[in-house]
Amino acid sequence: MATARKRGNSYRVKVYDKYKKKYVSFTAPTKKDAESLATDYIKNLRPPKKIHEKTVSECIDDYIELKKNILSPTTIGKYVNIKKNQLSGTFLNMELKDLTGIEIQAEINRLSGKYAAKTVINANGLISAVLKTYYPELTYKVTLPKNHKKFKEYPTPDEIMAMFKGEEIEIIVLIALWFGLRMSEIRGLKKSDFKNGVTFSLGQLAGGVV
């Protein structure tokens, strides 16, 4: 064990990490404390895990670190949230070598019972990206929930006219319906644009009477 040397008001010792292939230094107020820190570090040295021995959680952390300066902060935030709040502990603690399509599909199925389709699809996107990076030899296929599009139903022109009949803005609504004008265009109309209840330019184009 290397001996701590005094540096100003403290003691500093360096030890060689054979796995990281670099020196690591420890500083403490006393020589004994500095050497104790170094001794504990050497005792706890372990060879780095092989990639397939890493857990899904560790690989997600590695992936986020790998991409943090490339992907947008919003995307990184989504990945952190997916790991923290959506993926189960059981799935996160699995080692890559134990993963199969069955375990991944089971996790997708669990997520589908709690979250909207879009959320599940985003979670699967993270899982897929991580596995392609750290376990590309794993081939699997999962079934995802369908992201159904929502369509708005708008009232018919007759229904709209009935809604605003007799209201102060009825004439504005009618102009919008007949001529397809935006609100800004309606506001831009001038008294000189009308004659006998008919708009010159718009009336010629649409044949409408106001």
Side-chain angles (χ1 to χ4, degrees), residues 1-116 118-140 142:
M1 171 60 63
T3 302
R5 297 182 180 277
K6 190 172 180 61
R7 291 287 186 274
N9 296 324
S10 60
Y11 286 83
R12 181 169 175 255
V13 60
K14 291 198 302 184
V15 294
Y16 186 69
D17 186 327
K18 63 181 179 180
Y19 299 116
K20 295 181 179 179
K21 300 187 183 305
K22 67 177 184 179
Y23 283 93
V24 181
S25 63
F26 300 90
T27 303
T30 67
K31 181 180 184 221
K32 181 179 179 181
D33 288 341
E35 292 178 349
S36 177
L37 290 172
T39 300
D40 289 343
Y41 182 84
I42 293 297
K43 285 182 179 179
N44 291 314
L45 274 180
R46 298 288 184 275
K49 287 184 177 181
K50 295 179 180 179
I51 191 65
H52 294 170
E53 295 175 339
K54 285 194 170 186
T55 64
V56 174
S57 177
E58 290 172 326
C59 287
I60 290 176
D61 289 341
D62 290 346
Y63 183 79
I64 290 174
E65 179 66 23
L66 183 68
K67 301 286 186 176
K68 69 178 183 180
N69 294 324
I70 300 172
L71 301 176
S72 70
T74 300
T75 299
I76 293 297
K78 286 180 180 178
Y79 287 167
V80 171
N81 179 63
I82 288 170
K83 181 196 169 188
K84 182 179 179 180
N85 298 315
Q86 297 171 13
L87 297 178
S88 68
T90 300
F91 181 74
L92 288 171
N93 290 327
M94 290 190 69
E95 294 183 354
L96 292 193
K97 61 183 175 61
D98 297 325
L99 270 184
T100 67
I102 294 176
E103 281 78 20
I104 298 169
Q105 182 66 70
E107 182 67 6
I108 295 298
N109 187 61
R110 186 194 67 80
L111 290 170
S112 299
K114 295 181 64 176
Y115 302 102
K118 184 177 180 181
T119 300
V120 178
I121 291 169
N122 288 340
N124 179 70
L126 174 59
I127 294 170
S128 177
V130 169
L131 294 180
K132 283 180 181 177
T133 301
Y134 298 105
Y135 198 4
E137 58 268 40
L138 176 63
T139 57
Y140 68 97
V142 296

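What you see is a predicted model; the values in this text were computed from it and never measured.
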Exercise. Could you tell me which residues satisfy ring pair (Phe, Tyr, Trp, His ring centres under 6.0 Å) with Y140, sequence neighbours excluded, listed by chain and number?
Key: none

Practice problem: Might you confirm whether atom CD1 of I102 has over 12 heavy atoms from other residues, nucleotides or ligands at distances under 6.0 Å? | Solution: no

Quiz item: When rounded to the nearest 0.5 angstrom, what distance separates OG1 in T27 from CZ in R5?
Solution: 14.0 Å

Exercise. Measure the spacing between CG of L111 and CD1 of I121 and express it to the nearest 0.5 Å.
Key: 11.5 Å

Quiz item: For the atom pair CG (N122) and CG (L126), what is the distance rounded to the nearest 0.5 Å?
Solution: 9.5 Å

Practice problem: Could you tell me whether the side chain of E107 and the main chain of S88 form a donor-acceptor pair under 3.5 Å? | Solution: yes

Quiz item: side-chain contact (heavy atoms from CB on, under 4.5 Å) between D61 and K83: does it pass, once the steps are laid out?
Solution: CA-CA 9 Å; D61 289 341; K83 181 196 169 188; 2.8 Å; yes

Self-check item: Distance in Å, L37 CG paired with I42 CD1, rounded so as to fall on 0.5 Å steps
Solution: 12.0 Å

Self-check item: Min side-chain heavy-atom separation L92-T55 under 4.5 Å
Solution: no

Quiz item: Where is the tightest heavy-atom contact between D40 and N44, given as atom of each residue plus distance?
Solution: O-ND2, 2.9 Å

Quiz item: Do the side chains of F91 and L99 get nearer than 4.5 Å, heavy atoms only?
Solution: yes

Quiz prompt | Aromatic ring pairing Y134/Y63, orientation class (parallel under 30°, perpendicular over 60°, tilted between) | solution = perpendicular

Quiz item: What pairs of residues pass the salt bridge (Lys or Arg N to Asp or Glu O under 4.0 Å) test when at least one of them lies in residues 124-135, not counting sequence neighbours?
Solution: none

Self-check item: K54 and D62: CA distance, side-chain angles, deciding distance, side-chain contact (heavy atoms from CB on, under 4.5 Å) verdict
Solution: CA-CA 10 Å; K54 285 194 170 186; D62 290 346; 2.6 Å; yes

Quiz item: Under the salt bridge (charged side-chain N to carboxylate O under 4.0 Å, His left out) test, which residues partner K97, sequence neighbours left out?
Solution: E95

Quiz item: How long is the gap from CD1 on I60 to CD1 on I127, to the nearest 0.5 Å?
Solution: 7.0 Å

Exercise. Begin with the C-alpha distance, continue with both residues' side-chain angles, and end with the deciding distance and a verdict on side-chain contact (heavy atoms from CB on, under 4.5 Å) for K31 and T3.
Key: CA-CA 8 Å; K31 181 180 184 221; T3 302; 3.5 Å; yes

Self-check item: Residue pair A28 / D33: nearest heavy atoms and the distance that separates them
Solution: CB-CB, 3.6 Å

Quiz item: Side chains of L131 and L96: closer than 4.5 Å at any heavy-atom pair?
Solution: yes

Quiz item: If every non-hydrogen atom of V120 is compared with every non-hydrogen atom of Y115, which pair is closest and at what distance?
Solution: CG2-O, 4.0 Å

Quiz item: Would I64 and V80 count as a side-chain contact (heavy atoms from CB on, under 4.5 Å) if you check the C-alpha gap in whole Å, the side-chain angles of each, and the deciding distance to 0.1 Å?
Solution: CA-CA 8 Å; I64 290 174; V80 171; 4.0 Å; yes

Practice problem: Could you tell me the separation between the CE atom of M94 and the SG atom of C59, rounded to the nearest 0.5 Å? | Solution: 12.5 Å

Quiz item: So, for S25 and K14, which heavy atoms are closest and what is the spacing to 0.1 Å?
Solution: CB-CG, 3.7 Å

Quiz prompt | Nearest atoms (heavy-atom pairs only) where I76 meets K67 | solution = CD1-O, 4.0 Å

